[in-house]
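Everything below concerns the one structure shown next.
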Amino acid sequence: MSRMKNIRVLLWALVGTAALTATGLYVYNANRPAVTASFGAGDYTLEAGNGDKFTYASLSGNPSMLFFGFTHCPDVCPTTLAEMTSWYEVLGPEAKDLKAYFVTVDPERDTPQVVADYVSWAEPVVGLSGSLEEIDKFAKAWGAFYEKSPLDNGDYTMNHTASVYLINANGEFEGTIAYEEGGATAIGKLKKLLAKG
């Protein structure tokens with residue numbers, strides 16, 4: 001009898017612990033700050049080839065794709081631009097509100113006009129550049145990596161984040177499409193982004 005009583009006490013203790021854990025998790029999740037609330041926010045101004053200014057507020061109003069690259073890139077950047085244009089083709093009219101931006105991480109060589117010319121074949125992707133300071137602020141705001149890497153011939157290349165950032169119409173980060181991710185997966189992510197608006 002005493003053994004049954006001990007088992008009951010133990011079971012009630014487990015139930016109580018589970019209830020407290022569930023309550024604690026609920027309170028934590030209800031009160032924790034949204035991880036994406038300030039991701040990407042910042043005081044930065046970039047410039048498009050036509051002179052238009054681009055700030056954090058420019059990402060509000062439409063879902064967007066954002067990619068960091070540079071015009072001397074031998075493979076990742078042109079491949080990603082080609083993929084972005086193919087996603088637009090697959091989505092068709094469904095992508096009419098989807099914006100896309102290519103932001104250089106090599107503003108020393110990539111002026112706004114150079115970037116605009118570089119992405120001109122990948123419409124509707126908009127090329128953006130700016131001062132080194134503004135590009136650095138922008139990349140840090142989005143947690144993007146980039147660095148200059150010297151080459152043996154005295155020139156240099158740029159190492160950089162190779163994922164496409166997905167941003168909802170509120171300017172909030174929604175996820176990424178990895179470099180050379182499968183087309184069906186990428187389209188699925190974009191459809192989900194577009195459904196959120």
Common cluster, [X]/[Y], ILVMFWY with side-chain heavy-atom separation under 4.5 Å:
| X | Y | value |
| --- | --- | --- |
| Leu194 | Val125 | yes |
| Leu166 | Val90 | yes |
| Val76 | Val164 | yes |
| Leu46 | Phe39 | yes |
| Tyr56 | Val103 | yes |

Practice task
Please collect all ring-ring contact (aromatic ring centres under 6.0 Å, His included) contacts where either partner lies in residues 69-89, sequence neighbours excluded, each pair once.
Solution key: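 Output for this query lists Phe70-His160.
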Non-hydrogen atoms of [X] and [Y] that approach each other most closely:
| X | Y | result |
| --- | --- | --- |
| Ala41 | Ala141 | O-CB, 3.6 Å |
| Ser149 | Asn159 | CB-ND2, 3.5 Å |
| Ala48 | Val126 | CB-CG1, 4.2 Å |
| Ser129 | Pro112 | CB-N, 3.6 Å |

Practice task
Look at the rings of Phe173 and Trp142 and say which category their plane angle falls in: under 30° parallel, 30 to 60° tilted, over 60° perpendicular.
Solution key: tilted
[X] side-chain N/O to [Y] backbone N/O, donor-acceptor pair under 3.5 Å:
| X | Y | answer |
| --- | --- | --- |
| Lys137 | Asp43 | yes |
| Thr161 | Ser163 | no |
| Thr80 | Cys77 | no |
| Asn170 | Glu172 | no |

Exercise for the section: State which residue, out of Phe138, Tyr101, Phe68, fulfils the ring pair (Phe, Tyr, Trp, His ring centres under 6.0 Å) condition with Tyr165. Expected result: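 When ring pair (Phe, Tyr, Trp, His ring centres under 6.0 Å) is applied between Tyr165 and each of Phe138, Tyr101, Phe68, only Phe68 qualifies.
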Please report the interatomic distance [atom1]([X]) to [atom2]([Y]), rounded to the nearest 0.5 Å.
| X | Y | atom1 | atom2 | value |
| --- | --- | --- | --- | --- |
| Ile167 | Leu66 | CD1 | CG | 4.5 Å |
| Trp121 | Thr85 | CH2 | OG1 | 5.0 Å |
| Ser64 | Leu193 | OG | CG | 8.0 Å |

With a 4.5 Å heavy-atom cut-off, do [X] and [Y] have their side chains touching?
| X | Y | result |
| --- | --- | --- |
| Pro78 | Cys73 | yes |
| Val115 | Leu128 | no |
| Glu47 | Lys53 | yes |
| Phe54 | Leu59 | yes |

Practice task
Would you sort out whether Leu81 and Phe67 count as a side-chain contact (heavy atoms from CB on, under 4.5 Å), showing the intermediate values?
Solution key: CA-CA 9 Å; Leu81 284 172; Phe67 183 73; 5.8 Å; no
Handout entry: Single hit among Lys192, Lys196, Lys189 for salt bridge (charged side-chain N to carboxylate O under 4.0 Å, His left out) with Glu174
Key =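 Among Lys192, Lys196, Lys189, the one that satisfies the salt bridge (charged side-chain N to carboxylate O under 4.0 Å, His left out) with Glu174 is Lys196.
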Practice task
Tell me, please, which residues at least two apart from Tyr118 pass ring-ring contact (aromatic ring centres under 6.0 Å, His included).
Solution key: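 Tyr118: ring-ring contact (aromatic ring centres under 6.0 Å, His included) contacts with Phe102.
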Exercise for the section: Kindly write out the residues that satisfy ring-ring contact (aromatic ring centres under 6.0 Å, His included) with Tyr146, not counting sequence neighbours, or none if the list is empty. Expected result: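 Tyr146 satisfies ring-ring contact (aromatic ring centres under 6.0 Å, His included) with no other residue.
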Handout entry: Partners meeting side chain to side chain contact (heavy atoms under 4.5 Å, CB included) with Lys96 (sequence neighbours left out)
Key =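 Here no residue qualifies.
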Practice task
Report, as yes or no, whether the 6.0 Å neighbourhood of atom CD on Glu123 holds more than 12 heavy atoms from other residues, nucleotides or ligands.
Solution key: no
Handout entry: Crowding at CG, Asn153 (>12 non-hydrogen neighbours, <6.0 Å)
Key = yes
Problem - ILVMFWY cluster membership beyond Phe145 - transitive side-chain contacts under 4.5 angstrom - result: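 Traced through the cluster, Phe145 reaches no other member.
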Exercise for the section: Using the side chain to side chain donor-acceptor pair (under 3.5 Å) rule, collect all pairs that involve residues 105-115, keeping only residues at least two apart or in two chains. Expected result: Thr71-Asp110, Thr104-Asp110, Asp106-Arg109, Asp106-Tyr156, Glu108-Lys148, Arg109-Asp155, Arg109-Tyr156, Gln113-Asp117
